[in-house]
Amino acid sequence: MQNKKKHPDIKEILLLEKVIRKKVSELAAVINRDYRGKKPILVSILKGSVVFLCDLIRQLEIPVVLDFMSVSSYAGDSESSGVVRLLMDMRESIVGRDVLIIEDIIDTGLTLSYLKRNLMTRKPSSLKICVLLDKKACRKIEIKVDYAGFVIPNKFCVGYGLDYNQFYRELPYIGVLKPEIYRTAHRKI
Ligand code: IMP
Ligand code: MG
């Protein structure tokens, strides 16, 4: 498969399409093994994790139920506000179910720790976390990540579902934006 040409706003490509594909297969293999005989509910956190979710589930050999939640911790900026808001709840009941949260990236950990606390009150049988990207050095709160694709440096990334001001999600690779984009992007398009 051919990579799309590098977007002019991208300074460097951090993870190529083929590198992501290999990692997603590896994660799926571990999840297939760990959940053998189970029917977990995968809770994908909108919108960033949908590309990852779609690639991941097509490598799964266990039956899964999909659900979605939407939270916001960034108010259209490149730094976390630290305030997490629930924008959309999931539909399914998770009482007695095995739940696996699918998230694109963990940074401070505030979003996932909020979600974990929230979902634990609903009495799932188990609750685990799967992220594609882990900015390990940026954690403000301790939280266990059960499945992590790549540990990445503290650089603002876009592509493969990740956005800046809602753009760049369609890029098939994960890249770092040019700094001048932050400086000018606050002008509303
Ligand atoms: P946390 O609450 O600080 O862990 O942030 C998690 C959320 O912040 C993710 O779900 C993303 O939506 C967003 N985020 C953190 N780092 C990045 C990044 O480098 N690019 C795009 N979004 C990011
Ligand atoms: Mg997100």
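Position 1 is the first residue of the sequence; numbering continues from there. Bear in mind the structure is a predicted one, so any value in this text is a computation, not a measurement. Read the numbers this way: they start at 1 and go in the same order the structure lists the ligands and their atoms.
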Checklist entry - Side chains of D34 and Y147: do they bring a donor and an acceptor to under 3.5 Å? => result yes

Checklist entry - Sub-3.5 Å donor-acceptor pair from the side chain of N32 to the main-chain atoms of A28, do we have one? => result yes

Checklist entry - If you measure from each non-hydrogen atom of D104 to ligand 1, which part falls under 4.0 Å: side chain, backbone, both or neither? => result side chain

Next on the checklist: Can you confirm whether E12 is buried at CD, in the sense that more than 12 heavy atoms of other residues, nucleotides or ligands lie under 6.0 Å from that atom?
Outcome noted: yes

Checklist entry - Less than 4.0 Å between a side-chain N and a carboxylate O, is that true for K144 and D146? => result yes

Checklist outcome for this item: Within the 4.0 Å heavy-atom cut-off, what I105 brings close to ligand 1 is both

Item to check | Heteroatom proximity flag, T108 to ligand 1, N/O under 3.5 Å | outcome: yes

Checklist entry - Any non-hydrogen atom of K135 lying under 4.0 Å from ligand 1? => result yes

Next on the checklist: Under a 4.0 angstrom heavy-atom cut-off, which atoms of ligand 1 come close to K155?
Outcome noted: 19 (O)

Checklist entry - Do any nitrogen or oxygen atoms of C157 lie less than 3.5 angstrom from nitrogen or oxygen atoms of ligand 1? => result yes

Next on the checklist: Do V151 and I143 sit in one hydrophobic cluster, given that two such residues count as connected whenever their side-chain heavy atoms are within less than 4.5 Å of each other, even indirectly?
Outcome noted: no

Next on the checklist: Quick check: Y173 with Y160 (ring centres under 6.0 Å apart)?
Outcome noted: no

Checklist entry - Would one find more than 12 heavy atoms of other residues, nucleotides or ligands at under 6.0 Å from atom CE of M88? => result yes

Item to check | Non-hydrogen atom of K140 closer than 4.0 Å to ligand 1 | outcome: no

Next on the checklist: Only heavy atoms of D163, strictly under 4.0 Å: list the atoms of ligand 1 that pass.
Outcome noted: 21 (C)

Checklist entry - By number and element, which atoms of ligand 1 are closer than 4.0 Å to a non-hydrogen atom of L162? => result 20 (N), 21 (C), 22 (N)

Next on the checklist: Within a 6.0 Å radius of atom NZ on K136, are there more than 12 heavy atoms belonging to other residues, nucleotides or ligands?
Outcome noted: no

Checklist outcome for this item: Per-atom filter on ligand 1: closer than 4.0 angstrom to a heavy atom of T111 are 1 (P), 2 (O), 5 (O), 6 (C)

Checklist entry - Within the structure, does G109 bring an N/O atom to less than 3.5 angstrom of an N/O atom in ligand 1? => result yes

Next on the checklist: Below 4.0 Å, non-hydrogen atoms only: which portion of E103 touches ligand 1? Side chain, backbone, both or neither.
Outcome noted: side chain

